[in-house]
Amino acid sequence: MNDQRVSPPAMPQGAVVVIPMYNEAAVISNVVTEARSRFATVICVDDGSSDNSAELAAVAGARVVRHSINLGQGAALETGIRLALMSTSCEYVVTYDADGQHNIDEAVDMVQVARLKGVQVLLGSRFLGDHSGLSASRRAVLILAIWFTRLTTRLAVTDAHNGLRVLHRDAAESIRFRLPGMSHASEILGIIAGGEFSYSEHPVTIRYTNYSRAKGQRSWNALNILYDLAFMSLRSAS
Amino acid sequence: MIIQLLLLGSLAGASFVLIRGKRSLLSMLLRRFLTLAVILVGALAVLSPNSVTTVAQAVGVGRGTDLILYVLGVTFLFVSISLYLRLADMQDRYVDLVRRLALHEVDPHAHIENEDSFDRDRP
């Protein structure tokens, strides 16, 4: 019977959250609990953590996969995506960061938007939404990366490196990361361009905390990213 | 000068090999052929140092030792690239292994598709 009381927030069907994690014992419990409040299936990939992230994630209700050794965030994402795709009921894979920077409600919105719009890849963008605390140097570096991404992949993407994405099964199945470290974000763009998957962007807010800032990428790593993008485009051109 | 063409051509070739990344049986043959050639040419150069100077001058290099240095530089570049590609391939394989182990621990009875994360066309 429907009544006037507020119903619990909707839980998207057919969507699985994949969280790659590495030594996130301080925050993973909260992140997983929050994710589980909106998504039935949350997969955490423990990328060879030396702390007890895996146990904490499991206790919070995540399905945990453990890499025996550290392989990098891209490899962890790929493992999580493979596991998610093993269930035929999985239509969408949501990639989500372990450090608490993302907002699970926005992830839910993104799944709904992806369904409605029928896009195969929905990329979160902090430049469409609101953000606080992004330093001037980080912003300058990001803008440079975006321009370069547009040049090398011909994708009109405003946020080149955002961990919150919704991938339809078709696109997720094409994920094969070849470059090490943090290059996977650039590689996803290459996969979208190469596979001609439909894509769109959605505004997301990023919670910058002292914890996430300390763990964040160094600005000079942008040069590595530029190299990756150039190398990728040369390789696909050859 | 001929030597400039040869060196630039070698650098271009090395860049192409690196970017292509694909290791084929043809490239393996080429590598084996070049290895043998280097050994033979090396033996000849040791036995007849004057011939090195002659060849050097023919391609526009002043001294025999300079030519040997250039050849050494190019050889080193190719060897580095070849090793890098093989290491990258090996890394892909061990990532795949760790992934299979991880997924197996989650569900020992699940069938893991043979969609490897490394190039299947690499021998």
Side-chain angles (χ1 to χ4, degrees), chain A residues 16 18 20-21 41-49 54 57-58 62-88 90 172-181 183-184 187 191 227-238, chain B residues 8-28 30-31 77-123:
Chain A
V16 174
V18 171
M21 61 180 188
T41 309
V42 174
I43 293 173
C44 280
V45 186
D46 175 23
D47 194 18
S49 300
R63 200 169 182 211
V64 177
V65 193
R66 303 181 77 153
H67 285 161
S68 338
I69 48 181
N70 178 259
L71 299 179
Q73 199 183 55
L77 256 178
E78 192 174 334
T79 299
I81 290 171
R82 296 278 183 94
L83 181 61
L85 292 176
M86 279 187 193
S87 344
T88 45
C90 172
E173 275 166 358
S174 301
I175 300 271
R176 298 275 184 284
F177 294 128
R178 317 304 322 281
L179 302 173
S183 317
H184 57 92
E187 283 192 274
I191 288 166
Y227 184 94
D228 292 335
L229 287 170
F231 194 74
M232 253 173 26
S233 69
L234 278 172
R235 177 166 276 179
S236 57
S238 72
Chain B
L8 286 174
S10 306
L11 288 174
S15 309
F16 180 74
V17 167
L18 176 65
I19 287 165
R20 228 23 175 63
K22 284 199 177 98
R23 293 174 44 247
S24 62
L25 290 166
L26 181 64
S27 68
M28 180 168 78
L30 201 65
R31 191 163 36 89
L77 184 64
F78 273 97
V79 168
S80 302
I81 289 171
S82 171
L83 286 173
Y84 164 78
L85 289 175
R86 283 203 267 178
L87 276 175
D89 185 52
M90 195 179 297
Q91 173 158 30
D92 287 344
R93 288 172 198 267
Y94 96 59
V95 164
D96 189 61
L97 183 63
V98 173
R99 173 169 299 134
R100 282 174 191 269
L101 178 64
L103 291 174
H104 179 79
E105 283 177 350
V106 167
D107 184 355
H109 299 294
H111 167 63
I112 297 173
E113 298 291 322
N114 245 354
E115 354 127 346
D116 318 284
S117 42
F118 50 90
D119 277 336
R120 304 227 79 194
D121 48 354
R122 282 193 193 155

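Residue numbering restarts at 1 for every chain, and letters A, B, ... go by the order of the sequence lines.
- Residue R178(A) holds its CZ atom at 8.0 Å from CG of D89(B), rounded to the nearest 0.5 Å.
- Tested against R99(B), the residues V45(A), L83(A), V65(A), T79(A) include a single side-chain contact (heavy atoms from CB on, under 4.5 Å) partner, T79(A).
- Between F177(A) and V95(B), every side-chain heavy-atom pair lies at or beyond the 4.5 Å cut-off.
- Annotation: side chain to side chain donor-acceptor pair (under 3.5 Å) contacts of N70(A) (sequence neighbours excluded): D47(A).
- Here CG of L103(B) is found 4.5 Å from CE of M86(A). Values are rounded to the nearest 0.5 Å.
- Not counting sequence neighbours, R63(A) has no partner by the salt bridge (charged side-chain N to carboxylate O under 4.0 Å, His left out) test.
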